Amino acid sequence: MGCLNTRFSNFQESLIKIQNGREYTIEDVDTLLKAEGEDSEALFAAAFKIREQEFAKKVYLRGIIEFSNYCTKNCLYCGIRSANNIQRYRMTIDEITAAVHEIKDAGIGTVVLQSGEDPWWSPERIITLIKSIKEQVGITITLSIGERSREEYALYRKAGVERFLLKIETTNKDIFAKMHPHDCLSQRIKCSTWLKELGYMNGSGCIIGLPEQRARDLAADILWFRDMGMDMIGIGPFIPAQNTPLEKHPPGSTFMTIKAVAVARLICKKAFLPATTALETLEDCGQLKALKAGANVIMLNFTPQIYKSNYKIYSNKKAIKLEKALETIEQAGLTRVID
Ligand code: SAH
């Protein structure tokens, strides 16, 4: 009697459970990811509130340098997969160090060094690079060079690398196997576990919109990030890359991507969550929406112009400039951290 109006919907019940960190299940996470209309607005507002509570108004900038596009792997979605006939490059240590200087000069305190899986960059060469950067620039280093041995990860940590980014891409075994013909989900999980054990600030993430992926798979991804205690979680939409087996597959939904960012914020409260370049590539103001739904990092590209066009992990990739990022941060009512 009269309780009809006060009864919570499934969405509200799930939101309250997750917000309060009370016992919740994968069904609750799935329900939030399926929110539409007013419910999705409520989800974004709840995530923004947690962001505010944990990080005040701060947004962190990172500078990424894509220092090699050689890759031994053949991921079906990726434009730099080994089977793709593109012009390959490797930057020299001097070129990389010069780009790191630019990052530091822009008041950015972290460089992300990313490459394909390129064995030419042996442990010796990587260590030389790390030392050169640490001695000449003095900046926090995030490595994103793919799967390596535990011993190698230990060497880089010892040489002073603080963070590592290795996205799981998807925790669904079958989708993972289809997307990565020569790889194994359990090995990638092992790598992430090593990185955690070695004391890295540990980064993961997933791609939204892979073939056959459902909201429930994304819910499982987010629960896995929680269980692994991930410090950084990059959630970005799939974007078709030319001359890959998925070139005709439709791009991932930006709406679902933003909802996944919001849910990740509710569940992994203290994580660094980038408003990804991929999101902005698919939708103008995509990054703004992500910031308003709980994201707190923007990555700027410092790969020199001559190489940038050959690091097309997906097609029509946008290059986010500092001015644009600052404008987006301001529009979200947030402030940039100078570190
Ligand atoms: N070799 C490194 C870096 C890979 S490229 C590694 O294995 O970690 C960096 C990220 O780009 C990948 O983790 C993947 O999530 C993303 N990516 C690659 N192709 C993509 C595509 N077509 N659409 C969206 N994201 C893509």
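Remember, predicted model here, so these are calculated numbers, not experimental data. Whatever order the structure lists them in is the order used to number ligands and atoms, beginning at 1.
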key: Side-chain heavy-atom pair N202, M232 within 4.5 angstrom cut-off   =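 Sidechains of M232 and N202: no contact.
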
key: Partners passing ring-ring contact (aromatic ring centres under 6.0 Å, His included) against Y307 (at least two apart in sequence or in another chain)   =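 With neighbours one apart ignored, the set is Y89.
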
Show me the donor-acceptor pairs within less than 3.5 Å that the side chains of residues 246-253 make with the rest of the protein, sequence neighbours left out.
{"from": "E247", "atom 1": "OE1", "to": "N243", "atom 2": "N", "distance (Å)": "2.9"}
{"from": "H249", "atom 1": "NE2", "to": "G209", "atom 2": "O", "distance (Å)": "3.3"}
{"from": "S253", "atom 1": "OG", "to": "F255", "atom 2": "N", "distance (Å)": "3.2"}
{"from": "S253", "atom 1": "OG", "to": "M256", "atom 2": "N", "distance (Å)": "2.8"}

key: With T303 via side chain to side chain donor-acceptor pair (under 3.5 Å) - residues at least two apart   =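 For T303 the side chain to side chain donor-acceptor pair (under 3.5 Å) partners, ignoring immediate neighbours, are E66, N301.
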
message = Testing C206, C268, S204 one by one against I233 for a side-chain contact (heavy atoms from CB on, under 4.5 Å), which residue passes?
response =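 That would be C268.
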
ask   = What residues come within 4.0 Å of ligand 1, counting heavy atoms only?
value =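 Those residues closer than 4.0 Å to ligand 1 by some heavy atom are Y77, C78, Q114, S115, G116, E117, G146, L166, K167, E169, R188, I207, P237, F238, I239, Y311, I313, Y314.
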
ask   = So is R157 actually on top of Y200's ring, under 6.0 Å and inside 45° of the axis?
value =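 Yes, a cation-pi geometry.
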
